[in-house]
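To keep things clear, I will list the structure first and then write my remarks on it.
We number each residue from 1, following the sequence as shown. These figures come from a predicted structure and were not determined experimentally.
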Amino acid sequence: MGRRAGFVVAVVLALAWPAEAETRLHERFDAGWRFHLGDVQEGQDAGLNDSNWRPVTLPHDWSAELEFSPTNASGTGFLPGGIGWYRKTFVTETNWEGRRMFLTFDGVYRNADVWINGHHLGQRPYGYITFQYDITPHLTAGGTNVVAVRVDRENVADSRWYPGSGIYRHVWLTGTHPVHVPLWGDFITTPRADTESADVVAHTDVINGTAAAQAVRVTWQILTPDGTALVEHEQRERVRSGATHTFSQWQKVR
């Protein structure tokens, strides 16, 4: 674009939290899981003794650990599928207090049912797309929690390539302020771009999970690859309790 031809323009978004808020927590949740191949009655029960289950670190693919057979479907690379259970026990940390806590699964193949402390969070029938659950209401304050995941891959003739079986991608634990940008809450497009300039359109969703309306400020920056700010713009809005507000900005970059 003119004298900046060849530069890649990145968009960085920042949200101004209330002054007392801390930074967002975001960490891998891959270690300390236990795995059992085969179905387990009441496998979601927080009180179940899983000490004889095999320790695993995610990502994990149980089909890759088993034997090849010509009687298995080509969709699993002639490896068996089946049903598998995963469980992880963890302790609620003191710095989670006041935050919204989320579990994010980058991918589970497939038909994943997820529980925490015996509460069913939901089912994800597809095997490739990221999904997330808000676990905040179901955490044991200052105590022990158990996440359980049942994965059903009994129908193995379900793919033209080998996807694996199980929690085959990373799992993340995220803690946010109750006023936050949700997963996939940023959406950036360039509806028009040529060698001289580009239109950059940014949309940012903000959720107010507090019991009162909040004054929110969203700041967008468009940066060159070396970090130089080309454009900075901010927008302010009062977001009512329990609402999601979409902040939008259009900017021409030359």
Side-chain angles (χ1 to χ4, degrees), residues 1-30 93-107 128-136 169-254:
M1 292 180 289
R3 57 192 175 89
R4 298 189 178 91
F7 279 44
V8 177
V9 178
V11 179
V12 178
L13 299 102
L15 182 65
W17 311 118
E20 71 275 11
E22 299 180 29
T23 56
R24 175 178 293 221
L25 299 174
H26 187 63
E27 58 189 43
R28 285 188 179 178
F29 206 58
D30 291 344
E93 302 289 343
T94 56
N95 64 342
W96 298 359
E97 186 176 356
R99 299 179 187 269
R100 303 301 299 185
M101 301 303 298
F102 299 90
L103 271 185
T104 306
F105 294 81
D106 281 350
Y128 301 110
I129 297 176
T130 298
F131 58 99
Q132 183 183 83
Y133 295 115
D134 184 348
I135 62 174
T136 312
R169 294 178 182 168
H170 295 296
V171 178
W172 302 87
L173 180 70
T174 303
T176 73
H177 189 274
V179 182
H180 62 277
V181 177
L183 181 68
W184 300 312
D186 298 321
F187 188 66
I188 315 299
T189 60
T190 51
R192 189 198 61 79
D194 55 33
T195 58
E196 296 300 322
S197 63
D199 295 337
V200 179
V201 179
H203 302 285
T204 300
D205 293 336
V206 176
I207 296 174
N208 178 10
T210 70
Q214 298 290 336
V216 178
R217 172 172 59 90
V218 173
T219 301
W220 294 274
Q221 287 183 326
I222 301 179
L223 309 177
T224 64
D226 64 3
T228 303
L230 296 177
V231 175
E232 180 169 313
H233 180 81
E234 73 172 44
Q235 192 176 121
R236 299 172 185 262
E237 188 69 37
R238 191 164 182 83
V239 182
R240 58 187 174 83
S241 172
T244 299
H245 181 79
T246 301
F247 293 79
S248 298
Q249 162 65 9
W250 170 89
Q251 184 66 53
K252 183 183 291 293
V253 180
R254 297 184 183 277

Please report the shortest heavy-atom distance between Pro178 and His180, naming the atom on each side. O-ND1, 3.1 Å
Of all heavy-atom pairs linking Asp106 and Thr130, the shortest is O-OG1, 3.4 Å
If you measure from [atom1] on [X] to [atom2] on [Y], what distance do you get to the nearest 0.5 Å?
X: Leu183; Y: Asp134; atom1: CG; atom2: CG; answer: 12.0 Å
X: Phe102; Y: His26; atom1: CZ; atom2: NE2; answer: 12.5 Å
X: Thr104; Y: His170; atom1: OG1; atom2: NE2; answer: 13.0 Å
X: Thr210; Y: Arg100; atom1: OG1; atom2: CZ; answer: 11.0 Å

Heavy-atom side-chain contact between [X] and [Y] under 4.5 Å:
X: Asn208; Y: Arg240; answer: no
X: Arg28; Y: Trp172; answer: yes
X: Val179; Y: Val216; answer: yes
X: Gln251; Y: Glu232; answer: no
X: Arg99; Y: Leu25; answer: yes
X: Ile135; Y: Leu173; answer: yes

Could you check whether atom OH of Tyr128 has more than 12 heavy atoms from other residues, nucleotides or ligands sitting under 6.0 Å from it?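 Yes, the 6.0 Å shell around OH holds more than 12 heavy atoms from other groups.
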Not counting sequence neighbours, which residues clear ring pair (Phe, Tyr, Trp, His ring centres under 6.0 Å) with Phe131? List them please.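 Phe131 satisfies ring pair (Phe, Tyr, Trp, His ring centres under 6.0 Å) with Phe105, Tyr133 only.
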Is there a donor in the side chain of Thr204 and an acceptor in the side chain of Trp220, or the other way round, less than 3.5 Å apart? yes
Gln235 side chain to Glu237 side chain, donor-acceptor N/O pair below 3.5 angstrom: no
Which residue pairs pass the salt bridge (charged side-chain N to carboxylate O under 4.0 Å, His left out) test with at least one member in residues 201-216, sequence neighbours excluded? none
